[in-house]
Structure formats: C-alpha cells, structure tokens
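Quick note on labels: first sequence line is chain A, next is B, and so on, each numbered from 1.
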Protein chains: 2
Amino acid sequence: MNQPNQADPEPCPVARSAGIVADRWSLLIVRDAFDGVRRFSDFQRSLGIARNILSDRLHRLLDAGILAMQAGSGGGAHQQYVLTAKGRSLFPVVVALRQWGEHYLFGEGEAHSELVEKKTGKPLRAMLPLADDGHAISADETEVRKLGTAGAPQER
Amino acid sequence: MNQPNQADPEPCPVARSAGIVADRWSLLIVRDAFDGVRRFSDFQRSLGIARNILSDRLHRLLDAGILAMQAGSGGGAHQQYVLTAKGRSLFPVVVALRQWGEHYLFGEGEAHSELVEKKTGKPLRAMLPLADDGHAISADETEVRKLGTAGAPQER
DNA sequence: CAGTATCCCTCAAGATACTG
DNA sequence: CAGTATCTTGAGGGATACTG
C-alpha cells in the first residue's frame with residue numbers, strides 16, 4: 001500500500017486532497033450533497049452504490065469533516081448528512097470538474113445537465129486561475145515553490 | 001461493475017470527469033505533467049508508482065486525449081508525455097484541489113508547497129465560481145438544470 | 001532508459017441477509 | 001427507513017523479471 005495515512009505526511013496539497021476526495025464515490029457523494037441530497041437512501045438510489053460502501057464513504061467523509069450529521073427538521077425526523085463549511089469549500093473543485101467535463105466530454109449534439117444561477121437561470125462563468133493581480137493565468141506562467149519543513153531534504 | 005463506459009452514457013459532467021481523472025494516480029500524473037515531468041522514469045520516481053500501473057495510466061490518459069506523445073527535443077531524444085490542450089484545461093481542477101488542500105488539510109505550523117506566478121512570485125488568488133455577471137456565487141445560489149435527451153425520462 | 005509480461009495479494013465493491 | 005454484517009468477486013496495484 002502506498003496511500004499516505006499518518007506516516008509519510010504527503011507534502012503536496014493536491015495529493016492530500018486527492019487522497020481524500022479523488023476516489024470513485026466520494027466526489028459524487030459530495031456532488032449529490034451540493035444538489036441537496038441528505039438521506040442515506042437518497043444517496044443510495046441516486047448513485048446506485050452498494051449500501052455497505054455508501055456507509056463506509058459517508059463515514060470517511062464525516063471523519064474528514066466534509067459532512068456532518070444533523071437531526072432532520074420536522075417531527076419524526078431522520079438523521080441527515082449535510083456539508084460542513086469545509087465540505088462546501090469543495091464547490092470550486094466540483095464546478096471545475098463539471099466545466100471541464102461539459103467542455104471536453106460531451107459530443108456536440110449530446111445534452112448534459114447544467115449548473116445555473118437560481119436567480120437568473122444563467123450558467124456560471126468558466127472558472128479560471130487568477131494571478132494575484134486578478135488576471136487569468138495559465139499553467140506555464142506558474143511554478144510550484146516547495147517549502148520543505150527544514151527537516152529532511154525534499155525530493156522535488 | 002458500475003463504471004460507465006460506452007453504455008449508460010453518464011449524463012452528469014461531474015461524474016464523467018470523475019470517471020476519467022478521479023482515481024488514485026491519474027490526477028497526480030496530470031499534476032506532475034503540469035510541473036514539467038515528461039518522461040516515464042521521472043513520473044515513476046516522482047510518484048513511487050509501479051511501472052506497469054504507470055504504463056496503464058499513461059495509456060489511459062493518452063486515450064482520453066489528456067496527454068500526447070511527442071519526440072523529445074534534441075539529438076538522442078526519447079519520447080515524452082506532454083499535456084494536450086484538453087489536458088492543460090484541467091489546470092483549474094488541479095488548482096482548485098490544491099487550494100482546498102492548502103486551506104483545510106494542513107496544520108498551522110505545517111509547511112506545504114505553494115503555487116506561485118513565476119513573474120511575481122506571488123501565490124494565485126483563491127478560485128471562486130462566478131455567476132454570469134462576475135460576482136462570486138455560493139453553491140446554494142445555484143441549481144442543476146438537467147436537459148434530458150428528450151428520450152427516456154430522467155431520474156434526477 | 002522505456003517500457004511489457006507475469007505473479008500474487010489486498011482491498012474496493014456488489015449482493016444479500018439481518019438488526020434497530 | 002437506516003444502516004451493519006458477511007460473503008464473494010474482480011479490479012487495482014506492487015514486485016520482479018524480461019525485452020527493445
């Protein structure tokens with residue numbers, strides 16, 4: 001196994017994020033949560049995921065602080081899974097993934113769901129990385145500066 | 001198996017993107033590619049991935065049109081794996097993931113690598129989804145409008 | 001160096017039955 | 001309804017040996 005857990009404290013934020021969220025189901029659970037899905041069975045039906053796996057993933061997301069359990073509103077309410085602030089902060093990730101998919105993964109005639117602003121019904125703007133001064137920046141205008149923890153020398 | 005291939009044409013762009021890029025290694029390969037890694041062995045060393053798996057993932061990324069092979073510049077040059085336009089368009093995804101990780105996955109004292117603009121050395125701005133008029137928009141101000149292909153009725 | 005081929009093992013995942 | 005427990009399968013992944 002290679003998955004960094006406690007030991008080997010993965011120094012790259014991308015890798016760390018990926019370790020949490022980049023698996024087959026977690027991201028889709030988060031997506032559903034953004035869409036207002038809150039109950040176990042609704043996730044299950046929406047995703048077509050096995051119940052034991054769903055249970056496992058929900059717990060992982062709870063442990064990661066991305067979801068929280070909350071008593072459902074109303075009388076005979078059930079527990080609900082809701083996004084925490086940390087979870088809601090994944091919105092840019094989900095939107096970026098969506099926009100890339102919309103652009104590159106669908107044929108010309110092929111319809112796909114669309115994310116729009118409720119108030120206006122208009123789709124969002126394309127998300128672009130911006131430099132400090134606010135201008136759109138491409139990958140080759142950037143570089144990764146690594147701050148080693150002053151302990152062991154870094155590989156890259 | 002549930003992974004949508006040809007049949008079951010996954011209608012959600014997030015799911016389709018996730019199906020391609022959201023696995024343990026592909027995303028990190030893309031990240032490395034953004035960092036200028038181009039050769040098989042360099043990916044291998046950088047990631048600590050088994051060579052057969054790396055080979056498989058590189059081929060998938062080639063098939064997906066995210067990477068392309070290219071003769072290395074210079075005399076006795078080797079083949080190189082470079083990002084295509086489609087691959088470079090994943091930059092927002094990688095940056096969004098990175099920024100989320102930087103913010104939520106590192107302790108206060110814990111150092112992490114940082115993505116900066118080459119020219120100025122300054123870190124990028126936080127990426128935020130923007131509405132059509134350019135103002136930052138939160139998840140609950142949006143909704144997913146699904147365009148069914150006018151064929152079968154949609155579940156959600 | 002840049003891979004491919006083979007072997008083996010672990011874990012993710014599905015199916016199903018069961019419990020509060 | 002909301003899960004947990006158990007079983008089985010198969011894909012993902014590591015190690016290693018081999019080839020152009």
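Around the NZ atom of A:Lys118, the shell of radius 6.0 Å holds more than 12 heavy atoms that belong to other residues, nucleotides or ligands.
Residues A:Arg98 and B:Cys12 have side chains in contact (heavy-atom distance under 4.5 Å, counting atoms from C-beta outward). Counting heavy atoms from C-beta on, the side chains of B:Leu28 and B:Ile49 never come closer than 4.5 Å.
Using a 4.0 Å heavy-atom distance criterion, A:Arg38 is classed as making no nucleic acid contact. The residue B:Phe43 sits apart from the nucleic acid: no heavy atom pair falls under 4.0 Å.
One can place CZ of B:Arg45 at 7 Å from P of C:dC1, the figure rounded to the nearest angstrom. Distance, B:Asp23 CG to D:dG13 C1': 11 Å, rounded to whole Å. Nucleotide D:dA2 holds its P atom 7 Å from the CG atom of A:Asp42, rounded to whole Å. Between A:Arg60 atom CZ and C:dC11 atom P the separation is 12 Å, expressed in whole Å. Regarding A:Gln80, its CD atom lies at a distance of 15 Å from the C1' atom of D:dG3, rounded to whole Å. Straight-line distance from the CH2 atom of B:Trp25 to the P atom of D:dG12: 14 Å, rounded to whole Å. To the nearest angstrom, P of D:dT4 lies 10 Å from CG of A:Leu62. Atom CG in B:Leu47 sits roughly 16 Å away from atom C1' in C:dG3 (whole-Å rounding).
Using the Watson-Crick or G-U wobble rule with both distances under 3.5 Å, D:dA17 pairs with C:dT4.
Looking only at distances, a side-chain donor or acceptor of A:Lys86 sits under 3.5 Å from a matching main-chain atom of A:Ala64. The backbone N or O of A:Ser138 sits less than 3.5 Å from a side-chain atom of A:Glu141, completing a donor-acceptor pair. In this structure, B:Ser113 contributes its side chain and A:Val144 its backbone to no donor-acceptor pair below 3.5 Å.
The phosphate of C:dG3 has neither OP1 nor OP2 within less than 4.0 Å of any side-chain N or O from B:His59. Note on B:Arg57: every side-chain N or O is 4.0 Å or more away from OP1 and OP2 of C:dG3. At least one side-chain nitrogen or oxygen of B:Ser41 sits closer than 4.0 Å to the OP1 or OP2 atom of C:dA2. Distances shorter than 4.0 Å separate none of the side-chain N or O atoms of A:Arg51 from OP1 or OP2 on D:dT6.
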Polar atom pairs between nucleotides 6-8 of chain C and protein, under 3.5 Å, N or O only, would you list them?
{"from": "C:dT6", "atom 1": "O4", "to": "B:Asn52", "atom 2": "ND2", "distance (Å)": "3.1"}

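Rounded to the nearest 0.5 angstrom, A:Phe43 CZ and A:Asp32 CG are separated by 6.0 Å.
With D:dA15, C:dG14, C:dT4 as the choices, the nucleotide that has an atom nearest any side-chain atom of B:Phe40 turns out to be C:dT4.
When each of A:Arg39 and B:Ile53 is assigned the nucleotide of DNA chain D with its nearest heavy atom, A:Arg39 is the one assigned upstream, toward the 5' end.
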